[in-house]
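To start, the structure under review is shown below, and the notes come after it.
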Amino acid sequence: MYTLAVVIHVLVCFLMIASILLQSGKGAEIGAAFGGSSQTVFGSRGPGTFLSKVTVAAAIVFMLTSLGLAILSKERTFSSTVIDVNKQQSSSTPAHSGDAGDAGHDAPAAPAASETTTPPSEPAKP
């Protein structure tokens, strides 16, 4: 799901870049350079062209995939920074506590439950 969202996001990104670069600016006509542009309801270009509609649609899809990727990446469980990796390593290693004279010597481990020995039960001698 995450990979599919990334692929869609990248394709929409390239589509939006191409549609923006192919459009001409609002004041690109030669008449606008001399102040001869007419002001109508939709501006001097008329109603939205096909490229402007493609740009708007690509921008909406781009924003939605950005939001979706942010939500999906929050749900993924992996450490993405060095700080996260260092926190995991420090929490997995036990901290040594002891006196200064004891430095470098590990305390003996407690025997496991199966290793404990119980003295055999003998009858009491008088």
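Worth knowing before you read on, the calculation uses all heavy atoms, side chains too, and leaves out hydrogens, waters and symmetry mates. In what follows, residues are counted from 1 in the order of the sequence shown. A quick note: this is a predicted structure, and the numbers were derived from the prediction, not measured.
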What about V10 and L4, same hydrophobic cluster or not, with Ile/Leu/Val/Met/Phe/Trp/Tyr joined at side-chain heavy-atom distances under 4.5 Å? no
Checking side chain to side chain contact (heavy atoms under 4.5 Å, CB included) against L22, which of I17, L51, V54 comes through? L51
Rounded to the nearest 0.5 Å, what separation is found between the CG atom of L72 and the OG1 atom of T65? 10.5 Å
Do Q23 and T55 pair up side chain to side chain, a donor and an acceptor below 3.5 Å, judged on atom types alone? yes
Co-membership, hydrophobic cluster, residues M63 and L11, 4.5 Å side-chain: no
Taking all atoms of both residues into account, what is the closest heavy-atom pair of C13 and F62, and its distance? CB-CE1, 4.1 Å
Could you state whether V56 and L64 fall into the same hydrophobic cluster, counting links through intermediate Ile, Leu, Val, Met, Phe, Trp or Tyr residues with side-chain heavy atoms under 4.5 angstrom apart? yes
Single-linkage hydrophobic cluster L15~F50, side-chain heavy atoms < 4.5 angstrom: yes
Within one Ile-Leu-Val-Met-Phe-Trp-Tyr cluster: M16 and I8, side-chain cutoff 4.5 Å: yes
Pairwise distance NE2(H9) to CG(L67) - rounded to 0.5 angstrom: 11.0 Å
